[in-house]
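A, B, ... follow the sequence lines: proteins, then strands. Residue 1 opens every chain.
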Protein chains: 2
Amino acid sequence: MAVRRTTIAKVTVTDVAERAGVSTATVSRVLTGRRGTGAEVAQRVHDAVDALGYVPDYLAKALRDQRTATLGFVVPDITNPFFPALIQAIEASARAVSSSILLVDARNDPDEERRVAEILVSRRVDGILISPCHLTRSVALVDQLGASVSVVQIDRVVSSRVASVSADHTGPMAHLAGIAARTGRQRAAFVGSELTVSTSHARQEAFARQFGETDRVLVGDFSVDWGRAAARELVRRWPDVDFVVCASDLIAFGVIQELQMMGRRVPEDIAVTGWDDTLLAIASRPTITTVRQPIVEMARLAVELVTGIPASGSAVVPSTIVEGQSSG
Amino acid sequence: MAVRRTTIAKVTVTDVAERAGVSTATVSRVLTGRRGTGAEVAQRVHDAVDALGYVPDYLAKALRDQRTATLGFVVPDITNPFFPALIQAIEASARAVSSSILLVDARNDPDEERRVAEILVSRRVDGILISPCHLTRSVALVDQLGASVSVVQIDRVVSSRVASVSADHTGPMAHLAGIAARTGRQRAAFVGSELTVSTSHARQEAFARQFGETDRVLVGDFSVDWGRAAARELVRRWPDVDFVVCASDLIAFGVIQELQMMGRRVPEDIAVTGWDDTLLAIASRPTITTVRQPIVEMARLAVELVTGIPASGSAVVPSTIVEGQSSG
DNA sequence: CTGAAAGCGCTAACAT
DNA sequence: ATGTTAGCGCTTTCAG
């Protein structure tokens, strides 16, 4: 089963020009639509293009324009279920402006992150979108990248010196506090993940502000297993907690599951909420009340920022609460 | 917060040549390591490179070499939890051969799939990896792509005329049949997803062969919800079924959850197995016995095939069973 | 072993 | 409105 590949003799502007009986410049003008071109000549060019099956060479154009129409996206960990949806949105937004996405995965490692980001630079991408994997250890990289290419931090933000698009944490947290109040909950707790992840850090701060609670906080990592462990710890240390805000759906899923194993009813005895609106939020029983970030808009803004005129800034977009059954 | 970007004057081979007092040809020779070069001259070149901070321009090289060192990957649906892990593996394998990945998402739509695949071709990728989204409607595209660029089907295979790397379905299915026999199960059923997905189709056929059962088969889509619906249908139509093979973890998760809602014990009353070894397999309680495809090896093989000498072929690699608690 | 020069395919001055 | 030409930055014949 050999790969058959008829190496089609490449058709160039020169071939088209010859066939249409014009110069290569005219062909270029007709095709790019720049400057005025005689209608009759334009027709001849188009005919020649069709006849020859000419396709402009993206590589030559890129070298000439010094522009690759390609954006890089440094994702911290593609196996984190939040990111595939973001990747999808970014890819779509990029396509809308005729750009493609070079995807690289940092595997949650700042060293690896630097390595792959530098690959993107050497590839001459027109800009880089990055969700920095580490709150402090990624800062230098983000700042340095900003010196040689247009950079926008998306979702996770670690440097105020570089443009960013992120979702608001305060609004949804206030909303969750409202739900807790409305349903007469008395004691809230927060289960977060690594504080080295900017979003987790921000959510914890928002929790402290909106719930006025800084003690009942547990921090682990970004996994279902940690959620399970946290649930046990929670019950042991603060048996009367009746509202648990989790920094992600993975954690919330684990918390709920373990609470149920221990005979607690969710949400009757204890409410649990998640974050990110991933598959787990609806797979869980009860379904998880979670926070949906406006991924599509974030992607659109980020792509606009990164491809836009050097003038730039940062945007914080509002999230929405998706009420499941777990917050009763 | 303007994006600061000191437009570093580009350093070219010419600059290096000048500084080292040699010709651009020599610089190129020293840097590419081709041909013999005088040790002393080479040193001067390297010094100049360091002093000037020269970085070769990937674009110019690509135009000159007619080679982009970039591979395209057409993923059918990035939100399908199986694919992120595959993307990660492919990206790593590509990096190992100094290539990058342009990622495009077909969103399960053959028309979209064609559109994005053609973008990849126009981008002059050196090769395309594709998990075709449709068993029949993607065939023409795969065949046509093979005519203009090196193509390898990965995971999903729809055309025998184009190289492919896929996981074996028969072995793991036989293994599952073995588990069923060992645990004294009497009646097996299969819950699949769209038959238009090549893997789903292949798994169904393998089930029929290994379990000798063609009646107790339900087909829906690739979701937890379908799993839930299938469980209800299963119990209604064949109340004595005691072993359920599912074409994916999503389906298995839904089946287990719904069976439990209906008061059935898993695996005591009825065993359930999944496929793909995704997050859901370990998030589920009981954990799901599932099939792990050798993703890393598949990616490695596929990248080798697609970048390799035109001579090529297809590979089928063995999967392994990951026994969870759900198969009793 | 090294240099001069051509050329990958395209587009933007600069003529005409 | 159209043609001529230079050049993006690199590598690689072809000479010497």
Of all the choices, [options], which nucleotide is nearest to the side chain of [X] once you look at every atom?
X: S23(A); options: dT11(D), dC10(D), dG3(D); result: dG3(D)
X: L63(B); options: dA4(C), dC10(D), dG9(D); result: dG9(D)
X: T12(A); options: dA12(C), dG9(C), dT11(D); result: dG9(C)

Rounding to a whole Å, what distance do you find between [X]:[atom1] and [N]:[atom2]?
X: E40(B); N: dT2(C); atom1: CD; atom2: C1'; result: 13 Å
X: Q66(B); N: dG7(C); atom1: CD; atom2: C1'; result: 11 Å
X: E18(A); N: dT2(D); atom1: CD; atom2: C1'; result: 17 Å
X: R64(B); N: dA5(C); atom1: CZ; atom2: C1'; result: 12 Å
X: R67(B); N: dT12(D); atom1: CZ; atom2: C1'; result: 17 Å
X: R124(B); N: dC10(C); atom1: CZ; atom2: C1'; result: 12 Å
X: K10(A); N: dC8(C); atom1: NZ; atom2: C1'; result: 10 Å
X: R44(A); N: dA1(D); atom1: CZ; atom2: C1'; result: 12 Å

(request) Check whether any side-chain nitrogen or oxygen of K61(A) sits under 4.0 Å from OP1 or OP2 of dG9(C), and answer yes or no. (result) no
(message) Please confirm whether the shortest side-chain N or O distance from Y54(A) to OP1 or OP2 of dC10(C) is below 4.0 Å.
(response) yes
(request) For D65(B) and for T24(B), locate the closest nucleotide of DNA chain C by heavy-atom distance; then report the residue assigned to the nucleotide nearer the 5' terminus. (result)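 Closest to the 5' end, via its nearest nucleotide, is T24(B).
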(request) Find which nucleotide of DNA chain D each of R29(B) and D57(B) is nearest to by heavy atoms, and output the residue with the more 5' nucleotide. (result) D57(B)
(request) Using the closest heavy atom to pick a nucleotide of DNA chain D for each, name whichever of T26(B) or L59(B) lands nearer the 5' end. (result) L59(B)
Pairing donors with acceptors under 3.5 angstrom, does anything connect the side chains of [X] and [Y]?
X: S131(B); Y: D155(B); answer: no
X: S138(B); Y: E113(B); answer: yes
X: Y58(A); Y: S100(A); answer: no

(request) Identify whether the distance between the nearest side-chain nitrogen and carboxylate oxygen of E118(B) and R123(B) falls below 4.0 Å. (result) no
(message) Does T32(B) reach a base, just sugar-phosphate, or nothing at all? Heavy atoms under 4.0 Å.
(response)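 Contact class for T32(B): sugar-phosphate only.
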(request) Please tell me if the side chains of V306(A) and V151(A) come closer than 4.5 Å, counting only heavy atoms from C-beta onward. (result) no
